[in-house]
Amino acid sequence: MANIREIFDFPKVLNINIVASIIIVSIREIIMINLDSFSSFFVANWKLNGDFNFIDQYFDGLKLLDDKSRCIVICPTSIHLDKVSQKKNNYYVGAQNVSQYSEGAFTGEVSCKSLTELKIDFCIVGHSERRLIYYENNADVYSKSIQLINNYIVPIICVGETLEEKENGQTNEVLTKQLNEGVPNSSNANNTIIAYEPVWAIGTGLTPSIEEINTTHEFIKKHNTRFNDYKVLYGGSVKANNANDIVSLTCVDGALVGGASLKYEEFSKIIID
Ligand code: PEP
């Protein structure tokens, strides 16, 4: 009798094992990246550029190091995330934006769930172009970051002052407000990255001095104990000829690169230097 029961129970046991393995595999797949395992981060923000042909040529030419301590993140348009993911080799893929809503009647938006399905690990949030052109505010940055963290995607939260704010001596005040209002309580140094991008330095060829960059990064990390251990990247006219000086600064953990990341020769130099 016992043997017969075992025979009938066999499919049940098998099913439990299958379900358990699926859960283990899925958990492994959705676990967030360990930010502490990297010494520096290089994020390529392609903005609204690139097509299939560009992507093929880019990855044929891009030189990546075997050194896995540098975290390279390529952020193409949403439509190109899948293609860039398929090429994946020693780099991660990031989105440039996400909806703060999980689903529903939000025409044209891209949800965190869709990013998770594509195994996207990072997402830029609150880029100054989104703040200026699409009127995103700190509250939007806050809710998008919560969605991302809940979906095991690392938000790269952008903050930075305009030229007018800099000239009025308001940089620290602006950054404090953006951080206090935009970084959710569920954020911590293990699940969130901050990018300091002075608005006036983006796409202009202008940068703050090396000392100013370090001082501002130090301010971001030290003005509030909760930010002490966050990785803080610098963005704004990073090129092959200034990347090394910037990324070597003690308070800088990497670079967010726009224009220069579109040329694979230049981006290769930025990563390798
Ligand atoms: C950016 O778009 O985030 C950026 C830093 O651009 P660029 O490097 O072109 O200044």
Side-chain angles (χ1 to χ4, degrees), residues 40-50 54 58 62 70-78 80-81 84 91-98 120 122-136 140-141 144-145 148 154-163 165-166 171 174-175 178-179 182 192-210 212-214 216-217 220 230-247 249 251-273:
S40 50
F41 296 78
F42 295 87
V43 181
N45 176 15
W46 284 2
K47 312 190 188 202
L48 190 56
N49 296 295
F54 168 87
Y58 192 90
L62 186 68
R70 292 182 181 202
C71 179
I72 315 300
V73 185
I74 309 287
C75 304
T77 69
S78 301
H80 294 130
L81 285 168
V84 170
Y91 64 86
Y92 297 90
V93 184
Q96 298 172 15
N97 181 35
V98 74
I120 300 307
F122 295 85
C123 180
I124 299 171
V125 191
H127 189 280
S128 61
E129 284 153 15
R130 296 223 51 96
R131 292 179 189 256
L132 294 172
I133 305 169
Y134 300 98
Y135 308 110
E136 277 187 14
D140 299 322
V141 172
K144 288 178 184 206
S145 301
L148 289 163
V154 177
I156 303 173
I157 301 180
C158 300
V159 293
E161 81 286 1
T162 61
L163 186 57
E165 289 162 342
K166 179 186 163 59
T171 301
V174 168
L175 296 178
Q178 288 176 333
L179 292 166
T192 301
I193 291 179
I194 292 168
Y196 168 55
E197 298 210 300
V199 180
W200 52 273
I202 296 180
T204 57
L206 303 170
T207 59
S209 70
I210 287 292
E212 277 175 323
I213 293 176
N214 204 45
T216 309
H217 279 240
I220 291 173
Y230 273 65
K231 310 279 181 208
V232 183
L233 318 185
Y234 170 78
S237 296
V238 173
K239 309 261 184 282
N241 61 13
N242 61 11
N244 193 19
D245 289 343
I246 295 172
V247 175
L249 292 166
C251 294
V252 176
D253 300 293
L256 175 43
V257 189
S261 74
L262 287 167
K263 299 173 206 128
Y264 61 79
E265 302 94 336
E266 176 112 8
F267 194 55
S268 301
K269 283 189 198 147
I270 292 175
I271 298 166
I272 291 169
D273 266 5

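Order of appearance sets the numbers: ligands from 1, and atoms from 1 within every ligand.
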Check each atom of ligand 1 against the heavy atoms of [X] and keep those under 4.0 Å away; list them by number with element.
| X | result |
| --- | --- |
| Asn45 | 1 (C), 2 (O), 3 (O) |
| Ser237 | 7 (P), 8 (O), 10 (O) |
| Gly259 | 7 (P), 8 (O), 9 (O) |
| Gly236 | 5 (C), 10 (O) |
| Ala201 | 10 (O) |

Within 6.0 angstrom of Lys239 NZ, more than 12 heavy atoms from elsewhere: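 More than 12 within 6.0 Å, yes.
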Counting only heavy atoms not in Ile133 (residues, nucleotides, ligands), do more than 12 fall under 6.0 Å from its CD1?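 Count over threshold, so yes.
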Could you tell me whether the side chain of Ile156 reaches within less than 4.5 Å of the side chain of Val43, counting heavy atoms only?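 A side-chain contact exists here, since the closest heavy-atom pair is under 4.5 Å.
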For ligand 1, note which part of Ile202 has a heavy atom under 4.0 Å away: side chain, backbone, both or neither.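 Answer for Ile202: both.
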Would you check whether [X] has a nitrogen or oxygen atom less than 3.5 angstrom from a nitrogen or oxygen atom of ligand 1?
| X | value |
| --- | --- |
| His127 | yes |
| Ala260 | no |
| Leu256 | no |
| Glu197 | yes |
| Gly203 | yes |

Judged by modelled atom types alone, do [X] and [Y] share a side-chain donor-acceptor pair under 3.5 Å?
| X | Y | value |
| --- | --- | --- |
| Glu165 | Thr162 | yes |
| Asn97 | Lys144 | yes |
| Trp200 | Glu161 | yes |

Residue and atom name of the nearest protein heavy atom (relative to atom 4 (C) of ligand 1), distance in Å to one decimal: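 For atom 4 (C) of ligand 1, the nearest protein heavy atom is Gly258 N, 3.6 Å.
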Report the residues that fulfil side-chain hydrogen bond (donor to acceptor under 3.5 Å, both in side chains) with Glu129, sequence neighbours left out, ordered by chain and then residue number.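 Once residues adjacent in sequence are excluded, the partners of Glu129 under the side-chain hydrogen bond (donor to acceptor under 3.5 Å, both in side chains) criterion are Lys47.
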Gap between atom CG of Leu132 and atom CD1 of Ile202 - 0.5 Å precision: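 Taking CD1 in Ile202 and CG in Leu132, the distance rounds to 8.5 Å.
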Check if Lys239 has a non-hydrogen atom at a distance under 4.0 Å from any atom of ligand 1.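 No, Lys239 has no heavy atom closer than 4.0 Å to ligand 1.
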Audit row: Glu212, Lys166, salt bridge (charged side-chain N to carboxylate O under 4.0 Å, His left out) steps and yes/no: CA-CA 12 Å; Glu212 277 175 323; Lys166 179 186 163 59; 3.1 Å; yes
